A.B. asks: 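The following block contains the structure, expressed as structure tokens.
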There are 2 protein chains.
Amino acid sequence: MSNKNVFLEKYFLMTRSEENYLKTIFHLGGGDSKSITTNAIAEQMETKPSSVTDMAKKLSEKGLVDYVRYQGVSLTDAGVKTALSIIRKHRLWEVFLVKKLDFTWDEVHEVAEQLEHIKSEKLIDKIDELLEFPKHDPHGDPIPTKDGKFQERDEKLLSEMPINSQGVCVGVKDSSVPFLKFLDKNKIALGNTIKVLDKEDFDNSLRIQMDGKEMRISHQIAANLYVKKND
Amino acid sequence: MSNKNVFLEKYFLMTRSEENYLKTIFHLGGGDSKSITTNAIAEQMETKPSSVTDMAKKLSEKGLVDYVRYQGVSLTDAGVKTALSIIRKHRLWEVFLVKKLDFTWDEVHEVAEQLEHIKSEKLIDKIDELLEFPKHDPHGDPIPTKDGKFQERDEKLLSEMPINSQGVCVGVKDSSVPFLKFLDKNKIALGNTIKVLDKEDFDNSLRIQMDGKEMRISHQIAANLYVKKND
DNA sequence: AATTAAATTTAGACAAAGCTAAAAATAGAT
DNA sequence: ATCTATTTTTAGCTTTGTCTAAATTTAATT
Ligand SMILES: [Mn+2]
Ligand SMILES: [Mn+2]
Ligand SMILES: [Mn+2]
Ligand SMILES: [Mn+2]
């Protein structure tokens, strides 16, 4: 039984599964010392609550989560740091795929799910440099810095914008393939300017002007588009 | 128990470990229906012969190797095809790391060992395109084509070149980190022209002229450098 | 406060990939 | 042809990550 690199093994050598759990817990809000239930994690990861319990114990053992039986888990500082480094890699790879290899924004997530687990600090730093240190991924999500800083954005959902207000489309909340393809088909893209012309009380649909062209979109669409309001 | 995609599971979903075994068997010559022993594979992969036996059965079950108990394994056509696709990915990623991210040739292998297992045909095709379809990796090894064609080279080891013959350094046989760093230190690089001036009978060392400069190199070095002879 | 429903954990099993130690087969040497 | 050394396989165990079914705890309702 090799005993070399105990430090490395315990603190740095994360399995793919462990990394995915940390990422999921972070996305469910477990980074703000909020307790996330095993059920919520299981549902998000399409696994079983009993599996989550097992992993909660293991991650707790490693000091990456605080776990209280029957209460759920939250990330420790070390856990947040690790989660952010995975998310950083995921989003940088997504930018790379779009900018350098002409992937469409609905194709990148699946591949990034694999690439995010490649272990090489130099690799991801060089990718970052090649891309000239992008601030957002193809879906408008912010890319954490190397030292784990997260830039929050002052953006609103289009569905929450008042009538006659105007802004720029900067992100999607739902980044599923069908939604992204729908946006493509309707020429809705990040960077477009959007003005809210009217709201329909009956179904909450919106009449908007997008890059000059007038169109009507459902509440479901508006509730999944982030807009940065013009001051 | 999900039973969907039986075809995919059985014929395409290879684990990382399975892929590494196929690659190793190919490198040991198992692509020419030559039988490779479990011991040889175990030694190459730094694992135990009993583990190799287990994997031999599994790969045989999947139709990727022919396995005869106590006789060893050789790759089937499907096995060769799969091995070549991994090798292709490995070498393309190595070129990418050197050409696009300024990695040195002694840094790329370890990262490529991870990247070669990323599952996305589009990804590797786009990388190939971005690199303008390179024919060789940073160590001079040929890159198989998408349809599994392997370009053999008419190259010789420097140690086998006759006195006064001349050529271009096109590859390394040993691509270990220490050897590559040694070559860097001594300004020996692929593309350099080499002329054999003299051989020392006593220790088989060579006196050579490399890009004009005269130098002496040991047999061990000469036996690990591939040279393409000028006609 | 007692009962019931829901969430969570435990116990036990499984598959993948590895290991060690013992058994079996092969190959080499008399 | 027999014996011996080496190679290879088998049997059984381990770890990681998953599952199901049963037990337990918590939360909700009367
Ligand atoms: Mn994504
Ligand atoms: Mn992932
Ligand atoms: Mn390599
Ligand atoms: Mn590999």
Side-chain angles (χ1 to χ4, degrees), chain A residues 1-6 8-10 12-25 28 30 34-62 64-74 86 113-114 117 119, chain B residues 1-6 8-25 28 30 34-62 64-74 113-114 117 119:
Chain A
M1 187 173 304
S2 161
N3 209 39
K4 61 187 171 184
N5 288 330
V6 172
L8 269 171
E9 275 170 30
K10 191 152 190 184
F12 291 113
L13 284 189
M14 307 282 300
T15 66
R16 177 177 297 224
S17 186
E18 287 170 342
E19 291 183 345
N20 283 336
Y21 273 96
L22 290 183
K23 201 176 58 146
T24 300
I25 295 166
L28 290 172
K34 190 178 106 188
S35 226
I36 311 297
T37 66
T38 48
N39 250 10
I41 297 167
E43 187 172 354
Q44 182 73 23
M45 299 187 71
E46 298 184 77
T47 181
K48 302 294 165 180
S50 54
S51 306
V52 178
T53 300
D54 288 344
M55 185 56 83
K57 288 174 183 166
K58 195 195 302 186
L59 293 175
S60 166
E61 200 62 43
K62 289 195 175 191
L64 295 163
V65 304
D66 290 319
Y67 167 57
V68 183
R69 272 178 42 175
Y70 292 100
Q71 297 307 128
V73 296
S74 63
I86 311 297
E113 280 294 302
Q114 299 178 62
H117 302 291
K119 265 100 184 156
Chain B
M1 187 174 304
S2 161
N3 209 39
K4 63 187 169 183
N5 288 330
V6 173
L8 269 171
E9 275 170 30
K10 190 153 188 185
Y11 295 99
F12 290 114
L13 284 189
M14 307 282 299
T15 67
R16 177 177 299 224
S17 186
E18 287 169 342
E19 290 182 344
N20 283 337
Y21 273 96
L22 290 183
K23 203 176 56 145
T24 300
I25 295 166
L28 291 172
K34 189 179 107 188
S35 227
I36 311 298
T37 67
T38 48
N39 250 10
I41 298 166
E43 187 172 354
Q44 181 74 22
M45 299 186 70
E46 298 185 77
T47 180
K48 302 293 167 180
S50 55
S51 305
V52 179
T53 301
D54 287 345
M55 185 56 82
K57 288 174 184 167
K58 195 196 301 185
L59 292 175
S60 167
E61 199 61 44
K62 290 195 174 191
L64 295 163
V65 303
D66 290 319
Y67 166 58
V68 183
R69 271 180 40 177
Y70 293 100
Q71 296 308 127
V73 296
S74 63
E113 280 294 303
Q114 298 179 61
H117 302 290
K119 265 102 184 153

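Protein chains get the first letters and strands the later ones, always in sequence-line order, with residue 1 at the start of each. In this text the structure is predicted, and so the values were computed from the model without any measurement.
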A.B. asks: Quick one: the side chain of B:Ser50 and the base of C:dT20, do they pair up donor-acceptor inside 3.5 Å?
C.D. replies: yes
A.B. asks: Between A:Met14 and A:Leu64, is the side chain to side chain contact (heavy atoms under 4.5 Å, CB included) condition met? List the steps.
C.D. replies: CA-CA 11 Å; A:Met14 307 282 300; A:Leu64 295 163; 3.6 Å; yes
A.B. asks: Separation of A:Arg16 atom CZ from D:dT18 atom P, in whole Å?
C.D. replies: 12 Å
A.B. asks: Choose from D:dT20, D:dT8, C:dG18 the nucleotide whose nearest atom is closest to any side-chain atom of B:Asn39.
C.D. replies: D:dT8
A.B. asks: From C-beta outward on B:Thr38, which listed nucleotide comes closest to its side chain: D:dT26, D:dT8, C:dT9?
C.D. replies: D:dT8
A.B. asks: Are OP1 or OP2 of D:dA23 and a side-chain N or O of A:Tyr70 less than 4.0 angstrom apart?
C.D. replies: no
A.B. asks: The side chain of A:Lys57 lies closest to which of these nucleotides: C:dA16, C:dT10, D:dT10?
C.D. replies: C:dT10
A.B. asks: Rounded to whole Å, please give me the gap between CG in B:Asp54 and P in C:dG18.
C.D. replies: 9 Å
A.B. asks: Would you confirm whether A:Gln71, through its side chain, and A:Ser35, through its main-chain N or O, come within 3.5 Å as a donor-acceptor pair?
C.D. replies: no
A.B. asks: Expressed in angstrom and rounded to an integer, what is the separation of B:Ile36 atom CD1 from D:dT7 atom C1'?
C.D. replies: 15 Å
A.B. asks: Just verifying a value: how many Å separate B:Ile25 CD1 and B:Lys23 NZ, rounded to the nearest 0.5 Å?
C.D. replies: 12.5 Å
A.B. asks: Before you tell me yes or no, could you show the steps for A:Thr37 and A:Leu28 under side chain to side chain contact (heavy atoms under 4.5 Å, CB included), namely the whole-Å CA-CA distance, both residues' side-chain angles and the distance that decides it to 0.1 Å?
C.D. replies: CA-CA 10 Å; A:Thr37 66; A:Leu28 290 172; over 6 Å; no
A.B. asks: Mind calculating the distance between CZ (A:Arg69) and P (C:dA11) to the nearest angstrom?
C.D. replies: 10 Å
A.B. asks: Expressed as a whole number of angstroms, how long is the span from B:Leu59:CG to C:dA16:P?
C.D. replies: 12 Å
A.B. asks: Are OP1 or OP2 of C:dC19 and a side-chain N or O of B:Thr47 less than 4.0 angstrom apart?
C.D. replies: yes
A.B. asks: Please state how far atom CD in B:Glu18 lies from atom C1' in C:dA15, giving the value in whole angstrom units.
C.D. replies: 12 Å
A.B. asks: Please say whether more than 12 non-hydrogen atoms of neighbouring residues, nucleotides or ligands are located less than 6.0 Å from CD in A:Glu43.
C.D. replies: no
A.B. asks: Without decimals, in angstroms, what is the distance between A:Glu61 CD and D:dT15 C1'?
C.D. replies: 15 Å
A.B. asks: Check whether any side-chain nitrogen or oxygen of A:Tyr67 sits under 4.0 Å from OP1 or OP2 of C:dT8, and answer yes or no.
C.D. replies: no
A.B. asks: Looking across every strand, which nucleic acid part, if any, lies under 4.0 Å from A:Ser51 by heavy atom: base, sugar-phosphate, or nothing?
C.D. replies: base
A.B. asks: Rounded to whole angstrom units, what separation is found between the CD1 atom of A:Ile41 and the C1' atom of C:dT8?
C.D. replies: 12 Å
A.B. asks: Which residue lies toward the 5' end of DNA chain D, A:Gln71 or A:Ser17, if each is placed at its nearest nucleotide?
C.D. replies: A:Ser17
